[in-house]
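Side chains included, hydrogens not; waters and symmetry mates left out as well; all remaining heavy atoms used. Note on naming: letters A, B, ... go to the chains in the order of the sequence lines (proteins, then strands), and numbering restarts at 1 for each one.
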There are 4 protein chains.
Amino acid sequence: MFEQSSHPRSLRAKDSVLCATKELLDEGGLGAATVDAISARSGVSKATIYKHWPCRTAIAAEAFGRRMADSIPLPNEGNVIDDLTEQVRRVSRFYSGPNGKVFAQLLAASVTDEAAAPYFREFFLDTRRANVAELWERALRRGEVNPAISAGTATDLLFGPLIFRLLTGHAPLTEHEADAITTAALHGLLEP
Amino acid sequence: MFEQSSHPRSLRAKDSVLCATKELLDEGGLGAATVDAISARSGVSKATIYKHWPCRTAIAAEAFGRRMADSIPLPNEGNVIDDLTEQVRRVSRFYSGPNGKVFAQLLAASVTDEAAAPYFREFFLDTRRANVAELWERALRRGEVNPAISAGTATDLLFGPLIFRLLTGHAPLTEHEADAITTAALHGLLEP
Amino acid sequence: MFEQSSHPRSLRAKDSVLCATKELLDEGGLGAATVDAISARSGVSKATIYKHWPCRTAIAAEAFGRRMADSIPLPNEGNVIDDLTEQVRRVSRFYSGPNGKVFAQLLAASVTDEAAAPYFREFFLDTRRANVAELWERALRRGEVNPAISAGTATDLLFGPLIFRLLTGHAPLTEHEADAITTAALHGLLEP
Amino acid sequence: MFEQSSHPRSLRAKDSVLCATKELLDEGGLGAATVDAISARSGVSKATIYKHWPCRTAIAAEAFGRRMADSIPLPNEGNVIDDLTEQVRRVSRFYSGPNGKVFAQLLAASVTDEAAAPYFREFFLDTRRANVAELWERALRRGEVNPAISAGTATDLLFGPLIFRLLTGHAPLTEHEADAITTAALHGLLEP
DNA sequence: CACTAATCGAGACGGTACGTCGGGTCTTATG
DNA sequence: CATAAGACCCGACGTACCGTCTCGATTAGTG
């Protein structure tokens, strides 16, 4: 995506950069993933780096995102309640772990860094949203969920609260909290 | 909060700074609210500014937050459905307006800028959350909502999705979307 | 000199300031003798300090100078050669000791700090030059020195080289070097 | 000296900086040669400037020193008395002119600014001292001066007094005074 | 197998903002 | 009424990182 010079040299360079960036992110968060640092560690010059990405944040988004998709496999318990409960738990666990911090920084940076937003969207949101959409479709087919609600709305309702808490830290991201959110989202706020 | 030396000079300086910052935020977003710019426009020296706030973001948070509380008055329609629907609409409208951009930048900056987080929390979250909590209490007393759900969870469920969309821009913040979120949150995702 | 408010409080304040300054100079050179530091240690407010001295350097000059006069007593060996040799040695020793550093900083600061120059002159130069002038008069009366040369010229010839070396550090200030200078100055550069 | 990356860009930047600094020194002394001012006038960024020099004073020393060497040509009258007399006069004239002030500020700054001292030494002292040393050698070969006296001592004896007066302003730097110093230094202080 | 273009590494550079420091002035409340 | 306390303005400091740039060396795939 975004470019495809299939020169072997380009490929090697891109790989080195993403690899080095990932390391730096792991070691010191987004703040440590300076372009100079990335260049130094990867052995790829800044000029070359900027030939492949529009800005620092984009590199970080790609580097970090590549391996995140796999790290949260989609559950398939057979019924929507268990599926969604488990998925929200997994994401919540991811957010409260060491990677959550970096994820938050990345999301925050994408707000400022216009050019990085598409990268962030591609490597984080799209995959994740597609996953949940699939899960949602399954549930729809089984007649378990309200067909008036779109997969998008459902996704935001379930994961928006997690993101919100991750960013501001105004409430914890424990499993218990995750379950409370899922339950409330599934059954609604109103008195039964 | 944080300090109040009640010295008239301090007060004048703080006021000038907050005022100037608000103007700059309105004119050019968080990017324009440089400490140098704030200092220049307010006539308060940088040294003095840094005696009152730990960092640039904190100033912006306070300046922007002071007047936001008023800008979203709490509705009181007599029943929880209308109240929450209206409140989510108002917040959504605020987010999609010119201030939404600045709010997002501020929230994003607070992630990076550790020292600014408490300022952001105080001037944005606490007030807002207290408001919704009040609304929630009212509904609880009227037996309209599920008492097993805390005000905090309810708040996050309703506004988390808005924040999520504001930050990533992956979905619009129209009134229609706001209503879809509110409805889903109120009645739940499951098939009735 | 320079002011004479004989209020007892003024006197106490001046003394405290000079004392504190001397300590700070001894501890960390001129760099440590910040006005704030002086104020803090002496318990005299900055406003009061600036009522007594025109600038930081002036305080330091007075504080440091007060006790220097005594620290280099005038020799009286009975003949000019021994007298001058000994005096140059003493001054040279002073310069190469811990106080020499501070003296150099003070002299340097007086160049920039116009207001401090008279203080420096009074507390350092005048006394010293008067001393040497006295020594020179004695020698003149004994017919030991060239009456065509003024005391001022003689002083500069003997001590200028020391100052020069102290400031630039281009040559050492050992006793041997001091003697070499004195000898050359006394007998002249030309082939006998 | 100190580094010469021979990159053409480096050279251009260094040149611009030195040039701009010289102008600023001429216009307003060392006080006007702010790093910001230098950066603004030269079009070279502060970061780049600090990559070439350790501190402000070092830049000024180099800028000012580069052209000073030429401004005081070495006399060659054929005999040491005339040579030295003339040289002392020239230096004295230089010191009492507009450049003298800047020179004094520079020398003073080098005392405080440890990092600048080598620059000052290189661009001012070394050349000058080498010049006088050459003159001294010539005189030695002609048997005109006392071979027991080193060139260094002679230099300090002749120019130390000038520096001393330049810094403290305790005595004028007229030609008459210059001659008095030279005469005294050449023939010695003692009664013939 | 050399040749010619693209591509690269290295890193200098301009720019912009940062947060800090110290000097000297001014205000307020105290004794 | 002078003082202690300390807030304040000013102006400069040296640093950090961004994204652009120039350079000479390295490399591909053509003739």
Side-chain angles (χ1 to χ4, degrees), chain A residues 5 7-10 12-13 16 31 33-40 42-51 53-57 113 115, chain B residues 5-14 16 31 33-40 42-56 113 115, chain C residues 5 7-10 12-13 31 33-40 42-51 53-57 113 115, chain D residues 5-14 16 31 33-40 42-56 115:
Chain A
S5 78
H7 269 273
R9 298 177 76 185
S10 289
R12 227 177 314 135
S16 305
T34 294
V35 181
D36 288 287
I38 295 172
S39 170
S42 67
V44 174
S45 84
K46 283 170 66 174
T48 305
I49 290 177
Y50 279 106
K51 219 166 272 166
W53 292 273
C55 63
R56 179 181 90 109
T57 318
D113 226 319
Chain B
S5 68
S6 74
H7 248 278
R9 302 181 71 185
S10 289
L11 290 181
R12 226 178 316 138
K14 284 198 73 168
S16 305
T34 292
V35 180
D36 287 288
I38 294 172
S39 170
S42 67
V44 173
S45 81
K46 278 171 58 172
T48 303
I49 290 176
Y50 278 109
K51 228 166 256 166
H52 288 302
W53 292 275
C55 64
R56 181 180 91 108
D113 224 319
Chain C
S5 78
H7 268 275
R9 298 177 75 183
S10 290
R12 226 178 316 134
T34 294
V35 182
D36 287 287
I38 295 172
S39 170
S42 67
V44 174
S45 84
K46 282 170 69 174
T48 307
I49 290 176
Y50 278 107
K51 218 165 272 167
W53 292 273
C55 65
R56 182 180 89 109
T57 318
D113 227 320
Chain D
S5 67
S6 72
H7 250 279
R9 304 184 69 187
S10 290
L11 290 181
R12 225 178 317 137
K14 284 198 73 168
S16 305
T34 293
V35 181
D36 287 289
I38 294 171
S39 170
S42 66
V44 173
S45 82
K46 278 172 58 170
T48 303
I49 291 177
Y50 279 108
K51 231 167 254 165
H52 288 302
W53 292 274
C55 63
R56 182 179 90 107

Inset, instruction - Find the distance between CG (A:Asp113) and CZ (A:Arg56) and round it off to the nearest 0.5 Å. - result: 8.0 Å

Inset, instruction - Ignoring backbone atoms, test whether D:His52 places a side-chain nitrogen or oxygen under 4.0 Å from the OP1 or OP2 oxygen of E:dC13. - result: yes

Inset, instruction - Please examine the side chains of C:Ser39 and C:Ile49, heavy atoms only from C-beta on, and report whether any two atoms are closer than 4.5 Å. - result: yes

Legend entry - D:Ile38 CD1 to F:dA12 C1', straight-line distance once rounded to whole Å: 12 Å

Legend entry - B/S/- contact track for nucleotides 14-20 of chain E, protein heavy atom under 4.0 Å: BB-SSBB

Legend entry - Heavy-atom closest pair, residues B:Ala13 and B:Val44: O-CG2, 3.8 Å

Inset, instruction - Could I get the full list of side-chain hydrogen bond (donor to acceptor under 3.5 Å, both in side chains) partners for B:Thr34, not counting sequence neighbours? - result: none

Legend entry - Partner set under side-chain hydrogen bond (donor to acceptor under 3.5 Å, both in side chains) for D:Thr48, not counting sequence neighbours: D:Ser45

